[in-house]
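Beneath this line is the structure, given in structure tokens, with notes to follow.
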Amino acid sequence: EDLREAAKAAAKEGADIAALANVRDGAALVALLGDHCKRWGIEAARVICEPGPAIRRMLCARWWLRRLRRAHGRRCEGAAIVGGVIRRGLWPYASQDAVERREAQRRRNARAIDKAVIESESTGESLPLADVVAGSVANPEIKRGELMVRIKGCDAIANEGGLACEFWTLTAPSRFHAQRITGAVSEPNQNYAGATPKEAQQYLSKVWARARAAWKRRWLGVFGLRTAEPHHDGCPHWHLIAYGTRRELRFARRLLRVYALRDTPDEPGARKHRFVVLEANGA
């Protein structure tokens with residue numbers, strides 16, 4: 001309820017700013033509303049083609065509620081990570097608060113979906129929205145099945161072309177990890193610099209973008225799938241399934257390892273854990 005009231009107040013303040021500013025330049029109004037968003041601690045709406053849609057979003061209470069919920073969740077989770085409660089043996093992967101927030105969100109969504117009906121304008125036929133959602137990729141079982149179908153499709157393409165398959169793991173440097181494992185227990189990582197999971201994900205995305213650009217410059221035809229997974233302390237790492245000829249995979253692997261180790265390559269455990277080839281075989 002506090003977030004709802006805050007969203008209404010923020011949207012009203014934005015409307016007052018737009019009325020008092022009385023500017024006809026859309027870009028100038030976007031800048032004013034962007035500063036308003038920063039004061040509330042959220043990201044401003046992006047301008048894609050024209051400023052109009054971004055302005056309307058920053059004046060909408062529902063848009064503010066979504067952004068405030070996201071910012072609130074990230075800050076709470078960041079505080080839990082810094083506080084050392086997200087770790088093996090206590091709250092692994094995510095805080096209990098985050099789990100409860102997610103469950104509450106699912107219950108809200110389920111209640112809204114159960115009340116909604118979709119009606120065709122042409123035929124007048126109506127369907128409960130819950131039935132439509134159950135038959136779409138919004139259903140976790142269908143989403144998982146679609147993922148497995150994609151993996152099987154990549155395997156089929158690789159088998160048909162006589163390609164090899166390798167499994168890689170890409171991990172962020174030590175400063176992104178709040179906890180470290182010593183034996184069977186977890187303890188605070190002295191190298192942790194206060195980075196958030198979002199910042200760790202951005203770092204991994206940058207490493208990946210540089211590696212892909214290097215592959216493209218060398219005409220390496222590697223394809224596959226990748227997924228992000230949290231460590232016990234909430235810091236993400238990536239798993240990748242890569243397909244290609246053995247020669248191309250070898251070069252792609254070496255290039256990705258180079259970019260993975262460009263940042264603090266001499267810290268303890270970097271060469272062992274930063275980039276790992278879990279398995280390599282013929283598809």
Side-chain angles (χ1 to χ4, degrees), residues 1-10 37-46 57 60-114 133 136-144 146-147 169-182 184-206 208 226-239:
E1 292 302 321
D2 291 340
L3 286 173
R4 291 180 183 277
E5 293 301 321
K8 293 177 183 177
C37 291
K38 289 180 181 178
R39 287 193 294 272
W40 278 86
I42 69 169
E43 298 178 359
R46 287 193 307 155
R57 288 188 181 94
C60 174
R62 291 176 62 86
W63 180 87
W64 272 95
L65 179 60
R66 290 194 297 269
R67 288 295 174 103
L68 288 174
R69 276 179 176 159
R70 185 184 305 170
H72 174 260
R74 284 176 176 170
R75 286 175 185 160
C76 290
E77 204 69 0
I81 290 173
V82 173
V85 296
I86 299 181
R87 58 180 173 84
R88 179 185 294 184
L90 191 57
W91 287 345
Y93 308 119
S95 69
Q96 187 62 29
D97 295 334
V99 173
E100 292 176 0
R101 283 197 302 270
R102 178 59 175 159
E103 290 177 350
Q105 182 188 37
R106 286 178 172 175
R107 289 194 294 269
R108 289 196 305 269
N109 292 343
R111 288 196 297 267
I113 289 171
D114 288 339
V133 170
S136 70
V137 293
N139 185 331
E141 291 297 323
I142 294 178
K143 184 183 294 186
R144 179 182 179 277
E146 181 172 302
L147 174 63
T169 298
L170 184 64
T171 305
S174 177
R175 69 176 185 277
F176 291 97
H177 299 264
Q179 299 285 319
R180 54 176 293 184
I181 297 295
T182 56
V185 299
S186 172
E187 65 179 20
N189 178 20
Q190 300 300 321
N191 296 327
Y192 179 55
T196 64
K198 181 181 179 181
E199 290 169 340
Q201 180 72 3
Q202 290 172 341
Y203 167 82
L204 294 174
S205 298
K206 186 178 295 185
W208 178 244
R226 58 187 171 94
T227 181
E229 180 184 0
H231 287 287
H232 68 104
D233 61 355
C235 179
H237 64 285
W238 286 12
H239 293 301

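Fair warning: this is a prediction, and the values are worked out from it, not measured in the lab.
- Checked by atom type, the side-chain pair Gln201/Trp238 shows a donor-acceptor distance below 3.5 Å.
- Counting non-hydrogen atoms of neighbouring residues, nucleotides and ligands closer than 6.0 angstrom, the CZ atom of Arg180 reaches no more than 12 such neighbours.
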Test side chain to side chain contact (heavy atoms under 4.5 Å, CB included) applied to Val133 and Asn139, step by step: CA-CA 6 Å; Val133 170; Asn139 185 331; 5.9 Å; no
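- Counting only residues at least two apart or on different chains, the salt bridge (charged side-chain N to carboxylate O under 4.0 Å, His left out) pairs with a member in residues 81-105 are Glu77-Arg101.
- Under the side chain to side chain contact (heavy atoms under 4.5 Å, CB included) criterion, Arg4 pairs with Glu1, Leu65, Arg69, Arg108, not counting sequence neighbours.
- A 4.5 Å side-chain heavy-atom check between Trp91 and Val99 finds every atom pair outside the cut-off.
- Here the CG atom belonging to Asn189 is positioned 3.5 Å from the OG atom belonging to Ser174, to the nearest 0.5 angstrom.
- Heavy atoms of other residues, nucleotides or ligands lying less than 6.0 angstrom from CD of Glu141 number 12 at most.
- A distance of 12.5 Å separates CD1 of Ile86 from OH of Tyr93, quoted to the nearest 0.5 Å.
- Here the closest heavy-atom approach between residue Ala200 and residue Pro236 is recorded as CB-CD, 3.6 Å.
- When only modelled atom types and interatomic distance are considered, Asp233 and Ser186 share no side-chain donor-acceptor pair under 3.5 Å.
- Note on Lys206 versus Glu199: no salt bridge recorded, every NZ/NE/NH1/NH2 to OD/OE distance being 4.0 Å or above.
- Atom CZ of Arg74 and atom NZ of Lys198 lie 4.0 Å apart (nearest 0.5 Å).
- Atom CD of Glu187 has more than 12 neighbouring heavy atoms from other residues, nucleotides or ligands inside a 6.0 Å radius.
- Closest approach of Cys235 and Phe176 over heavy atoms only: SG-O, 3.6 Å.
- Taking CZ of Arg226 as the start and CG of Leu204 as the end, the distance is 10.0 Å to the nearest 0.5 Å.
- Between the side chain of His237 and the main chain of Glu229, a donor-acceptor pair closer than 3.5 Å is present.
- Neither side chain, Thr227 nor His239, offers a donor N or O lying under 3.5 Å from an acceptor on the other.
- The NE2 atom of His177 sits 11.5 Å away from the CD1 atom of Ile81 when rounded to the nearest 0.5 Å.
- Across every non-hydrogen atom of Trp63 and Cys37, the tightest pair is CH2-SG, 4.0 Å.
- Residues Val85 and Gln96 are not in side-chain contact: their nearest non-hydrogen atoms beyond the backbone lie 4.5 Å or more apart.
- From Leu3, atom CG reaches atom NE2 of His72 across 5.5 Å, with rounding to the nearest 0.5 Å.
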